[in-house]
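Residue numbers begin at 1 in each chain, while the letters A, B, ... track the order of the sequences. The basis for the numbers below is simple: all heavy atoms, side chains too, and nothing from hydrogens, waters or symmetry mates. No experiment lies behind these values; they were computed from the predicted model shown.
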Protein chains: 2
Amino acid sequence: MESSSTTPGGSARREATRQKLYEAAVTLIAEQGFSATTVDEIAERAGVAKGTVYYNFASKSVLFEELLRHGVGLLTASLREAAERTVREGGTRVDALDAMIRAGLVFIDRYPAFTQLYVAELWRTNRAWNSTLLVVRQQAVAVVEGVLHEGVANGEFSEEIDVPLTAAALVGMVLVAALDWKSFQPGRSLDDVHAALSRLLQGRVSGRR
Amino acid sequence: MESSSTTPGGSARREATRQKLYEAAVTLIAEQGFSATTVDEIAERAGVAKGTVYYNFASKSVLFEELLRHGVGLLTASLREAAERTVREGGTRVDALDAMIRAGLVFIDRYPAFTQLYVAELWRTNRAWNSTLLVVRQQAVAVVEGVLHEGVANGEFSEEIDVPLTAAALVGMVLVAALDWKSFQPGRSLDDVHAALSRLLQGRVSGRR
DNA sequence: CAATTTGAACTGACTGGTCAGTGCAAAAAC
DNA sequence: GTTTTTGCACTGACCAGTCAGTTCAAATTG
């Protein structure tokens, strides 16, 4: 009897090629931007012929869009997992936010190029992949918004907070601080950076000691 | 070659042309990115012949670099002014940070395209104008760092805060929240957005009412 | 077992188009 | 009469996307 034959999603070989192309594309586009990165460069970095890029992806833009979706999927899964685990283990929503900050830092630590690219392309308008970008942005922020909403509902947060704006601000805080960390103080430990952001989150900036 | 600005012979007419080119370039590059924007487009949008672009700027990259410097000069002047005015009028350093948040929002409200472009290009590496970018980034963050340092020195802030990281986080918070505001909730008033960010800054997120 | 067939995956030279930057003579502005 | 702008043709490099041909592992056959 036939085992579960050709899995929907392509052969293992093909999947490996696509993965190599993602990895090549993400660093090049993070460094240079989408338009300045050529398909030839991506193929060369991936150790693959140019035609292979077009065998696996309909176009340069499509490769990029799928890369975005792939990366954001990883990020949101990680954020969601951190928040859920914290709450499940009896933590408060502030604890959950803190756990998400850490999860965000861990992600950025592991995939700095993707983060760079995400920030750089996120607010572009008039681009072909605009709708993808919208979805992909909302996905990440929505996880934070969810925790904020829960906190407001259970009285842990003030009802006066502006959920979407606060979520965006928190995401921005982590993104920019982390990019700065990676770009200008790469020696710092993740715990160190996390501690600094925790302090800011919990308003423990003011006041001596 | 005397390409530097503030040339003795810099006529008012020439300055006006350069200004038109800045304005055309900033919106186009914000929308499309540097590489995807052509010199022909910039010239057309500015209502000027292509040759004029090259009469006024050595190259497309140089035009962009001078544009960056010009815009960041405006931003930092505004931030510095806000902080100094607050302190001069007897405000605390927290008040100064708050005033800088507002000044940042006012700037972004007035020059959204520049802000977009700034964020998009700020963490690019391997680009011709890398050194310019470094200067330009440090300029904006340094103003915030200055206020944090003063606050630590006079005991208003904990000595444990990580000044560079906290400054970057604050800048990120404002940038991302503001871009979100402009992109997705443009109806909101500046005061509204400012209030939400103030609350976050002062740790008044937790706790009922 | 080989030997052969099949087809998905991959290759890289090639094409058609785009674009930064040049050159220059003439007009306009100052 | 000097500076600045115009208009436009031109070049050379670069690049996204194509396509006819190749590879190779697994399936089929004898």
Side-chain angles (χ1 to χ4, degrees), chain A residues 1-26 28-29 31-67 121 126-129, chain B residues 1-26 28-29 31-67 121 126-129:
Chain A
M1 197 54 212
E2 292 289 54
S3 60
S4 52
S5 58
T6 51
T7 48
S11 67
R13 185 178 176 207
R14 195 168 177 180
E15 204 45 55
T17 304
R18 293 169 69 101
Q19 192 63 38
K20 279 196 292 184
L21 285 169
Y22 281 157
E23 273 159 29
V26 77
L28 287 167
I29 297 178
E31 283 167 6
Q32 307 175 325
F34 175 82
S35 303
T37 300
T38 69
V39 175
D40 287 282
E41 280 177 311
I42 296 172
E44 192 191 344
R45 170 88 57 113
V48 134
K50 187 178 189 176
T52 302
V53 177
Y54 287 93
Y55 182 77
N56 283 281
F57 299 95
S59 68
K60 184 185 171 186
S61 304
V62 168
L63 163 56
F64 181 59
E65 283 186 63
E66 296 195 9
L67 171 59
E121 302 292 339
N126 292 1
R127 278 286 246 250
W129 54 80
Chain B
M1 53 183 296
E2 77 275 310
S3 60
S4 80
S5 48
T6 66
T7 24
S11 69
R13 184 174 169 221
R14 197 169 174 181
E15 205 45 55
T17 303
R18 293 169 71 101
Q19 191 64 37
K20 276 195 294 184
L21 285 169
Y22 281 157
E23 274 158 30
V26 77
L28 286 167
I29 296 179
E31 283 168 6
Q32 307 176 326
F34 175 82
S35 303
T37 300
T38 69
V39 174
D40 287 283
E41 278 178 313
I42 295 172
E44 191 191 345
R45 170 87 60 112
V48 135
K50 186 179 183 178
T52 303
V53 176
Y54 284 93
Y55 184 78
N56 284 282
F57 298 95
S59 70
K60 184 186 171 187
S61 304
V62 168
L63 162 57
F64 180 59
E65 283 187 64
E66 297 196 8
L67 170 60
E121 301 292 340
N126 291 1
R127 277 287 244 249
W129 54 81

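Nearest-nucleotide mapping onto DNA chain D: of A:Ser35 and B:Thr17, the residue sitting toward the 5' end is B:Thr17. With the nearest nucleotide of DNA chain C identified for both B:Lys60 and B:Arg13, B:Lys60 has the one nearer the 5' end. Nearest-nucleotide assignment on DNA chain D puts the 5′-proximal partner with B:Lys20, out of A:Phe34 and B:Lys20.
By the 30° and 60° cut-offs, the orientation of the rings of A:Tyr22 relative to A:Phe57 is tilted. By the 30° and 60° cut-offs, the orientation of the rings of B:Trp129 relative to B:Phe64 is perpendicular.
Residue B:Val48 is classed as a sugar-phosphate contact, given heavy-atom separations below 4.0 Å to backbone atoms only. Residue contacts shown for A:Thr37 are limited to sugar-phosphate atoms, with no base heavy atom under 4.0 Å away.
When each of D:dT4, D:dG7, D:dG17 is scored by its nearest atom to the side-chain atoms of B:Ser11, the top-ranked nucleotide is D:dT4. Of the candidates D:dT5, C:dA20, C:dA13, the closest approach to any side-chain atom of B:Arg14 belongs to D:dT5. Between D:dA16, C:dT11, D:dT3, one nucleotide has an atom nearer to the side chain of B:Tyr55 than all others, and that is D:dT3.
One finds no side-chain N or O of B:Ser59 lying less than 4.0 angstrom from the OP1 or OP2 phosphate oxygen of C:dA20. In this structure, B:Thr52 reaches the D:dT6 phosphate: one of its side-chain N or O atoms is under 4.0 Å from OP1 or OP2. Using a 4.0 Å cut-off, no side-chain N or O of A:Asn56 falls inside it from OP1 or OP2 of C:dA8. Between A:Lys50 and C:dG12 there is no side-chain polar atom (N or O) within less than 4.0 angstrom of OP1 or OP2. In this structure, B:Tyr54 reaches the C:dG21 phosphate: one of its side-chain N or O atoms is under 4.0 Å from OP1 or OP2.
Going from atom CZ of A:Arg18 over to atom P of C:dA9 covers 10 Å, rounded to whole Å.
Minimum interatomic distance between A:Leu28 and A:Arg45 (heavy atoms only, all atoms of both residues): CD2-NH2, 3.2 Å. B:Tyr55 and B:Arg14 get closest at one heavy-atom pair: O-NH2, 3.2 Å.
Heavy-atom contacts from other residues, nucleotides or ligands closer than 6.0 Å to CD of A:Gln19 number more than 12.
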